[in-house]
Amino acid sequence: MPFQFNLIKKDTGTSARLGQMTTAHGIVDTPAFMPVGTQATVKSLTPEQIRTCGAQIILGNTYHLYLRPGHETIKKLGGLHKFMNWPGPILTDSGGFQVYSLGKLRKITDDGVIFQSHIDGSKHFLTPKKALEIQEALGSDIMMCLDECTPYPATFAQTQKSLALTMEWAKLCKEAKTNPEQALFGIVQGGTYLDLRRQAVEEILPLNFDGYALGGVSVGEPKEIMYAIAETITPLLPEDKPRYLMGVGTPEDIVYGVSCGIDMFDCVIPTRSARHGLLFTNSEKIVIKNARFREDDAPIDETCDCYTCRNFSRAYLRHLYIAGEILAMVLNTIHNVHYYMRLLEQIRAALEENCFTQFKNTFMKKGGGV
RNA sequence: GGAGGGGUUCCCGAGCGGCCAAAGGGAGCAGACUGUAAAUCUGCCGGCGGAGCCUACGGAGGUUCGAAUCCUCCCCCCUCCA
């Protein structure tokens with residue numbers, strides 16, 4: 001079953017879209033949020049819990065899984081889906097983000113990236129072809145091109161050079177692709193320079209990818225810049241292909257991104273924040289370790305129907321967190337992922353009912369969820 | 001009864017004449033986190049509005065320009081011997 005994207009509906013007041021992706025491992029309703037499961041696990045959750053939270057698709061990471069346990073191992077064991085017992089769709093990031101985040105441990109050449117493993121210091125050469133080979137071995141439903149996530153700040157010249165490399169790699173990734181069952185997305189870079197972003201779109205469209213991502217955002221640039229990129233560049237992407245804003249973001253960012261015509265998001269915020277005790281609600285910011293919750297018998301969010309909110313008090317969750325109990329991470333992550341999934345459900349429902357603009361305005365007025 | 005060791009800021013614990021409001025932990029309080037090197041990281045943590053002053057290193061005296069640090073006595077605690 002080849003990858004497919006169906007545009008169901010376009011919003012009238014904004015550039016938002018309602019759609020559906022069909023992958024080899026199932027359907028994904030868009031706009032969609034994809035919990036991040038870098039090392040073949042959405043940290044602290046079982047696949048069943050991820051599913052119960054409402055997630056349809058999750059992320060895995062090429063670089064991390066290549067280093068450990070090794071893509072060949074995963075392939076031998078039946079692929080990433082079977083390995084981690086997640087039967088649904090998986091998108092794998094290419095390792096492009098690690099080019100950025102592991103800056104001190106890598107060297108970029110025209111042909112690829114020489115990484116020094118953050119685990120044991122060993123050297124590895126990740127090329128566009130290799131990135132595809134690994135992702136095909138993992139068997140993900142959506143593969144990403146190897147790119148250079150341009151850091152912020154970067155001069156025009158640096159960004160231009162970085163973009164050229166990403167574009168060259170995009171071609172090589174496209175050529176390296178062999179499995180028709182797996183989709184491959186191209187990534188639009190160009191840093192904070194809209195001209196370069198436009199140029200990137202022009203150059204990448206002829207490569208005819210299954211979807212297009214905006215990368216290199218949420219790397220420390222001012223929020224207005226990210227918003228300007230999403231607003232200006234997204235409409236330039238083909239209407240009949242999914243658009244993915246990589247690494248974004250806060251609930252507010254997501255609502256904004258949807259209004260710009262973005263269909264897919266991924267971010268570590270809900271999971272990492274949960275582990276660090278920051279919980280999302282519709283009305284206030286909950287830093288569960290704060291003393292004010294010591295004797296608070298209420299759930300995190302009265303309006304939330306997640307497992308955590310249905311069964312536990314803030315006081316108990318605070319206790320678990322302060323005590324360093326593993327369950328704190330589990331319960332907090334369940335809540336946050338559920339919150340994100342519910343947010344996306346609400347967005348899709350609003351689009352369905354032609355009231356997305358109203359939803360967006362109300363949501364932003366409330367402070368964007370946190 | 002004899003011989004040693006020790007009492008330090010909420011707790012543990014370093015300091016053993018000035019650079020000490022006193023290392024380092026812990027606890028406590030707060031903050032950060034955006035394609036995950038993150039169950040991580042950062043800040044605050046005696047009092048008073050700051051430069052500064054006051055109160056603090058078991059208690060009371062003393063030596064000294066200056067004492068948590070040296071001396072005397074006292075009060076507790078621990079170990080060993082009888």
Side-chain angles (χ1 to χ4, degrees), chain A residues 33-45 57-65 67-68 91-106 115-121 131 140 142-152 166 185 187-189 213-223 225-227 230 244-254 256-257 262 264-280 285 287-294 318 320-333 336 340 368-370:
Chain A
F33 180 81
M34 309 178 281
V36 179
T38 304
Q39 307 207 64
T41 167
V42 173
K43 293 186 194 296
S44 89
L45 299 189
I57 175 170
I58 61 172
L59 249 67
N61 185 276
T62 298
Y63 168 81
H64 288 281
L65 295 174
L67 283 185
R68 187 166 56 190
L91 179 149
T92 42
D93 187 30
S94 61
F97 185 73
Q98 281 64 43
V99 175
Y100 158 79
S101 67
L102 298 176
K104 285 177 196 154
L105 295 171
R106 56 88 171 130
F115 276 110
Q116 195 165 2
S117 163
H118 65 281
I119 300 166
D120 63 5
S140 57
I142 301 172
M143 304 183 286
M144 298 303 299
C145 286
L146 183 64
D147 65 329
E148 183 189 5
C149 183
T150 312
Y152 177 86
T166 290
F185 281 23
I187 302 174
V188 173
Q189 287 290 345
L214 296 182
V217 296
S218 62
V219 289
E221 79 284 3
K223 190 154 277 198
I225 293 182
M226 183 184 93
Y227 283 10
Y244 167 24
L245 187 59
M246 305 185 81
V248 173
T250 64
E252 186 181 7
D253 293 343
I254 289 169
Y256 188 82
I262 298 291
M264 302 160 68
F265 302 85
D266 81 282
C267 191
V268 303
I269 282 180
T271 44
R272 179 183 291 167
S273 295
R275 272 174 282 123
H276 296 174
L278 176 63
L279 305 171
F280 294 85
K285 177 181 182 177
V287 179
I288 200 64
K289 69 182 173 183
N290 285 179
R292 53 190 269 240
F293 301 119
R294 197 189 324 261
R318 175 175 194 272
L320 290 181
Y321 185 86
I322 297 281
E325 284 294 337
I326 293 170
L327 188 59
M329 291 187 285
V330 176
L331 296 178
N332 289 347
T333 304
N336 275 358
Y340 265 64
V370 180

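To find a chain, count down the sequence lines: A is the first, B the second, and so on, and within it residues start at 1.
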Any donor-acceptor N/O pair, [X] side chain to [Y] backbone, under 3.5 Å:
{"X": "A:S94", "Y": "A:C145", "answer": "yes"}
{"X": "A:R106", "Y": "A:V99", "answer": "yes"}
{"X": "A:Y152", "Y": "A:S218", "answer": "no"}
{"X": "A:T92", "Y": "A:S140", "answer": "no"}
{"X": "A:N61", "Y": "A:T38", "answer": "no"}
{"X": "A:T62", "Y": "A:D93", "answer": "yes"}

Which nucleotide, in any strand shown, forms a Watson-Crick or G-U wobble pair with [N], with both distances under 3.5 Å?
{"N": "B:G24", "result": "B:C12"}
{"N": "B:G52", "result": "B:C48"}
{"N": "B:G4", "result": "B:C78"}
{"N": "B:U63", "result": "none"}
{"N": "B:C29", "result": "B:G43"}

With rounding to whole Å, what would you report as the distance between [N] and [M] at their [atom1] atoms?
{"N": "B:C16", "M": "B:A27", "atom1": "P", "value": "28 Å"}
{"N": "B:C74", "M": "B:C19", "atom1": "C1'", "value": "34 Å"}
{"N": "B:C77", "M": "B:G46", "atom1": "P", "value": "30 Å"}
{"N": "B:A22", "M": "B:C12", "atom1": "C1'", "value": "16 Å"}
{"N": "B:C44", "M": "B:A37", "atom1": "C1'", "value": "28 Å"}
{"N": "B:C11", "M": "B:G28", "atom1": "P", "value": "15 Å"}
{"N": "B:C45", "M": "B:U9", "atom1": "C1'", "value": "11 Å"}
{"N": "B:C48", "M": "B:C41", "atom1": "C1'", "value": "33 Å"}

Rounding to a whole Å, what distance do you find between [X]:[atom1] and [N]:[atom2]?
{"X": "A:L59", "N": "B:U34", "atom1": "CG", "atom2": "P", "answer": "15 Å"}
{"X": "A:I225", "N": "B:U34", "atom1": "CD1", "atom2": "P", "answer": "17 Å"}
{"X": "A:I288", "N": "B:A32", "atom1": "CD1", "atom2": "P", "answer": "16 Å"}
{"X": "A:L279", "N": "B:A32", "atom1": "CG", "atom2": "P", "answer": "14 Å"}
{"X": "A:M226", "N": "B:U34", "atom1": "CE", "atom2": "P", "answer": "12 Å"}
{"X": "A:F293", "N": "B:G28", "atom1": "CZ", "atom2": "P", "answer": "16 Å"}
{"X": "A:Y100", "N": "B:U36", "atom1": "OH", "atom2": "P", "answer": "12 Å"}

Give a yes/no on whether any side-chain N or O of [X] is located under 4.0 angstrom from OP1 or OP2 of [N].
{"X": "A:R294", "N": "B:G28", "value": "no"}
{"X": "A:N290", "N": "B:C29", "value": "no"}
{"X": "A:N61", "N": "B:U36", "value": "yes"}

Classify [X] by what it touches in the nucleic acid, base, sugar-phosphate, or nothing, heavy-atom distance under 4.0 Å.
{"X": "A:S44", "value": "nothing"}
{"X": "A:Q189", "value": "base"}
{"X": "A:I254", "value": "nothing"}
{"X": "A:G37", "value": "nothing"}

Item to check | From B:G35, B:U34, B:A30, nucleotide with atom closest to A:D147 side chain | outcome: B:G35
Next on the checklist: Return a single string for nucleotides 37-47 of chain B, one symbol per nucleotide in 5' to 3' order, where B is base contact, S is sugar-phosphate-only contact and - is none, cutoff 4.0 angstrom on heavy atoms.
Outcome noted: BBBB-------
Checklist entry - Do A:D266 side-chain and B:G35 base share a donor-acceptor contact under 3.5 Å? => result no
Checklist entry - For A:H64, which residues count as a ring pair (Phe, Tyr, Trp, His ring centres under 6.0 Å) partner, sequence neighbours excluded? => result A:H118
Item to check | By side chain to side chain donor-acceptor pair (under 3.5 Å) - contacts of A:D147 (at least two apart) | outcome: A:Q189
Checklist entry - Does the pair A:I57 and A:I142 meet the rule for a side chain to side chain contact (heavy atoms under 4.5 Å, CB included), with working shown? => result CA-CA 10 Å; A:I57 175 170; A:I142 301 172; 4.1 Å; yes
Checklist entry - A:V268 or A:A291: which one's nearest nucleotide on RNA chain B is closer to the 5' end? => result A:A291
